[in-house]
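A quick write-up on the structure given underneath.
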Amino acid sequence: MAPTTSWRKYMAGLWSGLAGGFLVCFLACVVSGVVLALQYRPMGQVADNLQRITHLIPYGWFWRGIHYLSGQACAVLALLHVARYLSQSLPGRAGAIQWARLIGCLALCFGLLFTGFLLQGGQEALLAARVLTSTLESLPLAGGLFARALIGEGDTVFFLPYLHHCVF
């Protein structure tokens, strides 16, 4: 009986620490993102720009690593929060507003991860931008408008994702 009680206390402590862990990771992501945003240029050769940030700017590799790892940790902690929320099966707990907030924040988190992936500027990022653009354009009515609002065209393909990534 005692091991079950200690396990439950451990899990309760772990679950309650998710919010604090998310906040620490989020603040690390914001601080490192501000440092990187001052050096990043979303026009032209983005991959060369990232090489310059990583290898020529002092501690650029460190800031990129902190930004990447803290962003990934935020996504994992957000998913764990959703799992905790879904595991609590209290009657009437999940109202429409709570669901909208939960799904909206999770979508924002993964949208930030996706725009961060696009900002790497490699061939994979260009292909991902093309897939997202064609998927959005296939939506009826306002699909083309959404595609133009989220992803740029031509030489500015990285500018709008950069703007969205920094603003959100």
Side-chain angles (χ1 to χ4, degrees), residues 18-57 59-83 85-86 96-168:
L18 286 178
F22 182 86
L23 183 62
V24 167
C25 291
F26 180 72
L27 290 176
C29 199
V30 168
V31 169
S32 61
V34 168
V35 170
L36 291 172
L38 296 173
Q39 301 296 325
Y40 188 82
R41 303 290 174 255
M43 304 293 216
Q45 297 295 326
V46 174
D48 293 339
N49 186 20
L50 285 180
Q51 290 298 322
R52 182 182 63 83
I53 290 172
T54 303
H55 299 294
L56 297 179
I57 293 176
Y59 300 104
W61 58 270
F62 173 77
W63 291 109
R64 283 195 67 207
I66 291 292
H67 192 66
Y68 173 78
L69 291 175
S70 60
Q72 298 293 321
C74 280
V76 168
L77 290 171
L79 284 173
L80 287 174
H81 176 70
V82 169
Y85 189 82
L86 293 176
I97 293 175
Q98 287 93 352
W99 276 104
R101 283 181 32 201
L102 188 69
I103 299 302
C105 289
L106 199 58
L108 180 66
C109 185
F110 281 100
L112 286 170
L113 282 178
F114 184 72
T115 55
F117 175 74
L118 292 180
L119 294 178
Q120 292 178 2
Q123 191 65 28
E124 295 90 3
L126 288 172
L127 292 173
R130 189 176 304 151
V131 167
L132 179 64
T133 302
S134 64
T135 303
L136 289 173
E137 286 176 346
S138 69
L139 294 174
L141 300 176
L145 179 66
F146 284 140
R148 287 188 298 278
L150 293 177
I151 304 290
E153 297 174 346
D155 291 339
T156 64
V157 72
F158 298 111
F159 180 71
L160 284 177
Y162 171 74
L163 191 63
H164 295 307
H165 192 76
C166 291
V167 169
F168 292 114

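For the residue pair Val31 and Trp63, the shortest heavy atom distance occurs at CG1-CZ3, 4.3 Å. Closest approach of Gly21 and Leu77 over heavy atoms only: C-CD1, 3.5 Å. Nearest heavy-atom pair across Gln39 and Arg52 is O-NH2, 2.8 Å. Pro161 and Thr115 get closest at one heavy-atom pair: O-CB, 3.8 Å. Heavy atoms only, all atoms of each residue included: Leu118 and Ala125 are closest at CD2-O, 3.3 Å. For Leu113 against Gly71, the heavy-atom pair with the smallest separation is CD2-O, 3.8 Å.
Taking 4.5 Å as the limit, some side-chain heavy atom of Leu50 sits within range of a side-chain heavy atom of Arg64.
To the nearest 0.5 angstrom, Gln120 atom CD is 8.0 Å from Tyr68 atom OH. Expressed to the nearest 0.5 Å, how far CZ of Phe22 lies from SG of Cys105 amounts to 8.0 Å. Put simply, OG1 on Thr133 and CG on Leu150 are 8.5 Å apart, with the number rounded to the nearest 0.5 Å. The distance from atom SG of Cys25 to atom CG of Leu23, rounded to the nearest 0.5 Å, is 9.0 Å. Atom SG of Cys166 is separated from atom CG of Leu119 by 7.5 Å, given to the nearest 0.5 angstrom. To the nearest 0.5 Å, atoms CG (Leu160) and CZ (Arg148) are separated by 11.5 Å.
Counting heavy atoms of neighbouring residues, nucleotides and ligands inside a 6.0 Å radius, atom CZ of Phe117 exceeds 12 of them. Atom CG of Leu141 has 12 or fewer neighbouring heavy atoms from other residues, nucleotides or ligands inside a 6.0 Å radius. Atom CD1 of Ile97 sits in a sparse spot, with 12 or fewer heavy atoms from other residues, nucleotides or ligands closer than 6.0 Å.
The aromatic rings of Tyr59 and Trp61 sit tilted, their planes meeting at an angle between 30° and 60°.
His164 places no side-chain N or O within donor-acceptor distance of the main-chain N or O of Ile151, the cut-off being under 3.5 Å. When atom types are taken as modelled, the side chain of Tyr162 and the backbone of Ala37 share a donor-acceptor pair closer than 3.5 angstrom.
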